[in-house]
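A short write-up of the structure that comes next.
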Amino acid sequence: MLLSLKFSVLAIALQLARVLAVPALQPYDSLAGLTRDEVDAFARSVKVVGGQPIPKPIKDTSLKLVNDKKHPWKPLRAGDQRGPCPGLNALASHGWLPRSGVATPGEIVTAVQNGYNMEWTRAVLVTYAAFLVNGNPLTNLLSIGESRGMSWLTGHAPPPPALASGLNTHGTFEGDASLTRSDAFLGDNHSFNETLFQQLIDISNKVGGGKYNVSAAAEMRFQRVQDSIARNPNFNFANPRFNTAFIEAVFPIVFFIDGRLQEAGETGLDLDVMRGFFQDHRMPKDFHRRGTPTGASDSELDFVMAAHDYVPGFNNGSVNSFVADPNFMGTQTETVCALYEKFVNSTVSLYPSPHGDLRKALNKNLDNFYVAVESRCDQIKPYH
Ligand code: HEM
């Protein structure tokens, strides 16, 4: 009798533990891979904010001082997060984004406009793509770094890539052949890598007259792809990486050259300034953002893409086995729509059947993401 009572108490306790079990998640962790019960338990433990409207474009897009008195560089405090993006890292270390490195998509959209004069539509495209695959839809927070594996109280872990979250997560947004970060297969995919930066310096000295200009960008981009083909059996240079890798190669020229120098015709980025952004998350003293909003100049992007032959694709599990990706365009005919489709599909594979507030938040952020491409692409509504 006593024994059977003990057993039923134990059974009830176990059942309760299963229902109440909340994975030890941070408020900014991705919810991909969680069961419905786990999502509900998480929702009870936080303030559910859900998807929010996109902030309007900033009004003043003039050339101006952005490393100003209100936005001084400060060293990292314990727990502050930085990741693979030198642009966002510097915004956080100057207080244009929360210095913690944890931000809402709205804060990111506004900060990249304020800090660099990134054009609103591009800011929306990149931010919501990243947020959908790496952010927390219920708290509306994203880490610009993170990606330690989560500790799970439930004893089971979701399938990768949901094991980690934030922009450091490999294979959703963060990808291979970065300029200054290693491929995930080969090591640390988010920290500044001195060996790679030395390669960038060598190339800039050889073809850029000692600066990082389009010629240096073109050669560095090519060398990084060749290196990954030769050393990374899992090298992935398909969609979306095929797009982001080229854009990111020209971002430093477009956004990190002081606006006053740009207006005076400067087309190359000083390598010490570049190191400041890439290694120390630091704008140079007196840094002025560019004087006109842009997404990234087409002419620079075209130059880098045309300088060598590139095909979207991947290594087939061994080095030097690069094959073209036959599904690069998905069901689309325009590249930007293929990129849009890819991120929508990634979202669905991370959240196959969301319910309640989670579904609502995902739908809102999918709508936000679509705003960036609405003039070119048909909307995909996976959860309607
Ligand atoms: C708008 C929101 C943005 C998001 C969500 C974002 C996210 C990212 C991510 C995930 C990466 C890693 C990709 C990889 O190399 O594997 C990256 C790289 C990069 N980002 Fe951003 N970014 C944003 C805006 C910016 C801005 C405004 C700039 C420049 C001012 C910038 C400059 C760069 C550069 C140069 C890299 C390449 C780093 C390297 O290859 O070593 N990003 N970004």
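Each ligand, and each atom within it, is numbered from 1 in the order the structure gives. All figures in this text were calculated on a predicted structure; none of them were measured in a lab.
- R82 and S93 are linked by a side-chain donor-acceptor pair at a separation below 3.5 angstrom, with hydrogens and angles left out of the test.
- Using a 30° and 60° split on the angle between ring planes, F235 and F237 fall in the parallel class, below 30°.
- Under the 30°/60° scheme for interplanar angles, the aromatic rings of W96 and H71 are found to lie parallel.
- The aromatic rings of F256 and F277 sit parallel to each other, their planes meeting at less than 30°, with 60° as the upper class boundary.
- Near ligand 1, P84, C85, P86, G87, L88, I108, V112, Y116, M118, V126, T127, A130, L167, F173, E174, G175, S178, L179, T180, R181, R241, E248, F251, P252, F255, F256, F278 each place a heavy atom less than 4.0 angstrom from the ligand.
- The closest side-chain donor-acceptor pair between S299 and D302, if any, does not fall under 3.5 angstrom.
- The aromatic rings of Y310 and F222 sit perpendicular, their planes meeting at an angle over 60°, well past the 30° parallel limit.
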